[in-house]
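Remarks on the structure that follows.
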Amino acid sequence: MEDKMLTEKHPRAFEPVVLILNIILSVIGAIIGLQILTTLGVTPNTSIIGVLVAIALSRIPAGWLARYRSIHRQNLVQSNISSATFGAANSLLLPIGIPYLFGRPDLVIPMLIGATMGMLIDLAMLYWFFDSRIFPGKAAWPPGVAAAEAIYAGDEGGRRALLLVWGTIIGVIGSYFKVSMSAFGVAFIGNVWALAMFGIGLLLRGYSTTLFGVDINKLYIPHGMMIGAGLVAGIQILLILLKGRKEGKVHANAAAPGDYTRSEEQVSKGLVRGFGLYVVAALILAFLGGLYTEMPAWQLVFWAIFAAVSCILAEFIVGLSAMHAGWFPAFATALIFLVLGMALGFPAPALALLVGFVASGGPAFADAGYDLKAGWILRGEGRNRDFELEGRWQQFLAGLVGLAVAWVMVTFFHDIYFRQDLFPPVDRVYAATIKAGVDAAIIKNLVLWAIPGALIQALGGSERQIGIMLATGLLILNPLAGYAVLAGIIIRVLVLKFMGQEAETPMTILAAGFIAGDALYGFFNSVFKAKWK
């Protein structure tokens with residue numbers, strides 16, 4: 001089966017049988033994402049839902065539906081619906097709600113255009129970066145593992161399917177009893193050092209008042225830590241790229257050392273292209289939003305450069321968190337750059353557009369990483385480079401279809417939500433922060449706590465990302481997930497110690513089941529709550 005998988009021609013995203021279903025599921029995914037984000041403040045993982053729909057259709061005795069027995073077509077469906085869900089909710093509706101709540105509805109259309117550009121650039125940059133030394137395909141990307149294992153189980157059956165089913169059942173039951181089964185499952189897959197720091201951060205945030213007598217979030221301590229860690233992470237990535245070019249070990253059309261399918265040369269070009277695109281997009285957004293009437297020319301240019309740098313650093317932070325832990329603090333990361341923009345003295349309308357622009361990209365970057373990880377596993381983990389790159393391109397096109405449908409849905413229906421006072425809850429936080437302004441104490445804390453964040457990130461190096469992961473945990477209020485991560489790490493270490501490396505594959509399948517079960521429970525629970533709220 002593996003030989004066939006590595007030599008067959010990859011299905012196309014624009015095949016009628018794939019495209020029609022993808023458009024239908026994109027509409028459904030977008031509606032689900034918009035409804036749940038505006039009522040509950042979260043975006044559900046619809047990737048597993050797309051897998052289940054594709055598997056179910058493949059079992060219907062109709063000639064054209066039999067084509068969905070291809071694991072690669074199922075992967076295209078899965079990529080499409082998740083792109084539509086996150087694109088509509090996080091990348092588009094969330095940004096355009098900020099200027100509306102800020103009292104500038106005239107900026108909604110400019111913000112929609114800017115958010116669309118940010119979303120597309122972020123997706124393109126993940127496509128350019130995936131399976132490179134900085135964002136390797138062999139890294140955890142836990143939801144992607146869960147999606148791939150679900151597809152494999154539906155295709156193969158047998159022991160793999162049984163393990164996945166049991167893991168999913170346990171995941172649903174654990175989630176019902178408020179156990180963070182995604183966090184527990186992630187501990188079986190990801191980097192132990194990175195996840196240990198993530199768990200510690202979750203516990204410190206959850207019990208900061210009890211332990212220290214203060215709420216560290218209100219003091220912006222996690223945000224300062226992330227600023228320091230994020231800056232060092234950006235420097236570490238640049239050093240990796242510069243080192244690869246200096247040693248002359250890579251070429252534009254060759255795989256990077258370690259059998260990656262993207263070389264440092266390709267990533268460097270992608271980074272330069274991405275930065276240039278972000279600057280152009282920021283300038284377009286600035287002129288459409290009339291910021292030239294609010295700022296002198298030098299400040300307008302500085303705002304555009306700051307916005308571009310912020311978007312890239314935000315995608316690094318979000319991407320690294322998603323890659324190692326399957327969690328990403330996209331809302332909090334956008335807030336960090338909002339506060340920094342306030343400290344730099346940008347006028348309020350520029351701040352509203354800035355935070356929306358930064359917020360538009362991160363979720364698209366992380367979600368695409370999960371999807372491409374699933375495809376990377378299903379296509380043989382990069383052993384056939386041509387087949388991997390061909391399939392990755394088709395996934396990119398499937399994702400674009402999802403984002404296009406998401407754009408249509410948000411463009412024509414966002415006013416229905418706004419007229420009912422339905423906004424993503426974090427939009428109110430952003431708008432209130434802009435109106436309240438920033439005081440010197442917050443800036444002092446950001447600078448002060450950026451120092452330990454930078455030192456911890458530097459100490460762990462680019463492989464472990466312990467500074468980013470500690471700050472990610474500190475930004476998320478979920479102490480139960482902290483217990484789950486640390487418990488999972490302990491179990492993983494003990495199992496591997498006493499049962500050996502042969503236990504690793506069954507543990508990975510069970511972990512995928514835990515994550516899938518948590519996603520399914522969260523999805524249906526969220527849909528039910530959103531329906532009745």
Side-chain angles (χ1 to χ4, degrees), residues 79 82-83 86-87 90-92 95 114-137 139 141 144 230 233-238 240-242 244 252 256 260-285 304-324 328 330 333-334 337 356-373 375-376 388-389 392-400 402-404 406-407 462 465 468:
S79 302
S82 63
S83 295
F86 279 95
N90 293 67
S91 296
L92 295 176
T116 302
M117 292 187 292
M119 173 182 71
L120 294 176
I121 295 169
D122 229 44
L123 175 64
M125 291 188 74
L126 189 279
Y127 174 73
W128 294 330
F129 289 171
F130 185 79
D131 200 28
S132 65
R133 185 153 22 195
I134 58 174
F135 289 106
W141 301 103
I235 293 171
Q236 289 171 334
I237 289 172
L238 290 176
I240 289 173
L241 300 178
L242 291 173
Y260 301 111
T261 52
R262 296 290 192 209
S263 69
E264 275 88 344
E265 181 73 20
Q266 291 171 311
V267 173
S268 296
K269 289 183 178 180
L271 184 60
V272 172
R273 284 198 299 263
F275 178 74
L277 288 171
Y278 272 131
V279 171
V280 172
L283 288 172
I284 292 173
L285 174 60
I305 295 173
F306 177 77
V309 172
S310 298
C311 285
I312 289 177
L313 287 176
E315 74 182 23
F316 284 165
I317 291 169
V318 170
L320 291 170
S321 300
M323 181 176 73
H324 285 292
F328 52 90
T333 301
F337 293 103
F357 190 48
V358 174
S360 67
F365 193 90
D367 178 63
Y370 300 149
D371 296 337
L372 294 185
K373 169 68 174 186
W376 181 82
E388 166 59 26
L389 292 176
R392 192 182 304 169
W393 172 246
Q394 295 305 319
Q395 279 191 264
F396 177 78
L397 295 178
L400 283 180
L403 295 183
W407 184 87
S462 60
Q465 298 291 341
I468 290 287

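As a basis for the values below, the full set of heavy atoms in this structure was taken, side chains included, without hydrogen atoms, waters or symmetry mates.
Residues D371 and S82 have side chains that bring a donor and an acceptor to within less than 3.5 angstrom of each other. With hydrogens and angles left out, the side-chain atoms of E315 and Y278 include a donor and acceptor closer than 3.5 Å. Of the N and O atoms on the side chains of E388 and T261, not one donor lies less than 3.5 Å from an acceptor on the other residue.
Listed here is the closest heavy atom pair of L313 and G234: CD2-CA, 4.5 Å. In terms of heavy atoms, G369 sits closest to L126 at N-CD1, 3.5 Å. Shown here for V358 and A334, the closest heavy-atom pair between the two residues is CG1-CA, 4.1 Å. Considering all non-hydrogen atoms of both residues, W128 and L277 come closest at CH2-CD1, 4.1 Å. A pairwise comparison of heavy atoms in S132 and V267 identifies CB-CG2, 3.4 Å as the closest pair. The heavy-atom pair separating V279 from A304 by the smallest distance is O-CB, 4.3 Å.
Between M119 atom CE and F357 atom CZ the span is 12.0 Å, to the nearest 0.5 Å. Note that the CG atom of L400 and the CH2 atom of W407 stand 14.5 Å from one another [nearest 0.5 Å]. We find the CD1-CD1 distance between I235 and I240 to be 12.5 Å, quoted to the nearest 0.5 Å. Atom CG of L271 and atom CD1 of I134 lie 7.5 Å apart (nearest 0.5 Å). For the atom pair OG (S83) and OH (Y370), the distance works out to 13.0 Å, reported to the nearest 0.5 Å. Here CZ of F130 is found 11.5 Å from OH of Y260. Values are rounded to the nearest 0.5 Å.
Looking at D122, its side chain does come within 3.5 Å of a backbone N or O of G362 through a donor-acceptor pair. Put simply, the side chain of S360 never gets that close to the backbone of S91: no donor and acceptor are under 3.5 Å apart. Side chain of K373 to main chain of A139: a donor-acceptor pair is present (N/O by atom type, distance under 3.5 Å, no hydrogens or angles).
Within the 4.5 Å cutoff, the side chain of W393 has no heavy atoms near those of the L389 side chain. Side chains of P136 and M323 form a contact here, defined as non-hydrogen atoms less than 4.5 Å apart.
Taking the six-membered ring where tryptophan is involved, the planes of F316 and F135 are tilted, since the angle between them lies from 30° to 60°.
L403 pairs with exactly one of T116, L123, L92 by the side-chain contact (heavy atoms from CB on, under 4.5 Å) rule, that one being L123.
Because its NZ or CZ atom is not both nearer than 6.0 Å to the ring centre of W376 and within 45° of the ring axis, R392 does not count as a cation-pi partner of that residue. Geometric assessment of R262 against the ring of Y127 yields a positive cation-pi assignment under the 6.0 Å and 45° thresholds.
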Quiz prompt | Residues F275, V309; criterion side chain to side chain contact (heavy atoms under 4.5 Å, CB included); working and verdict | solution = CA-CA 7 Å; F275 178 74; V309 172; 3.9 Å; yes
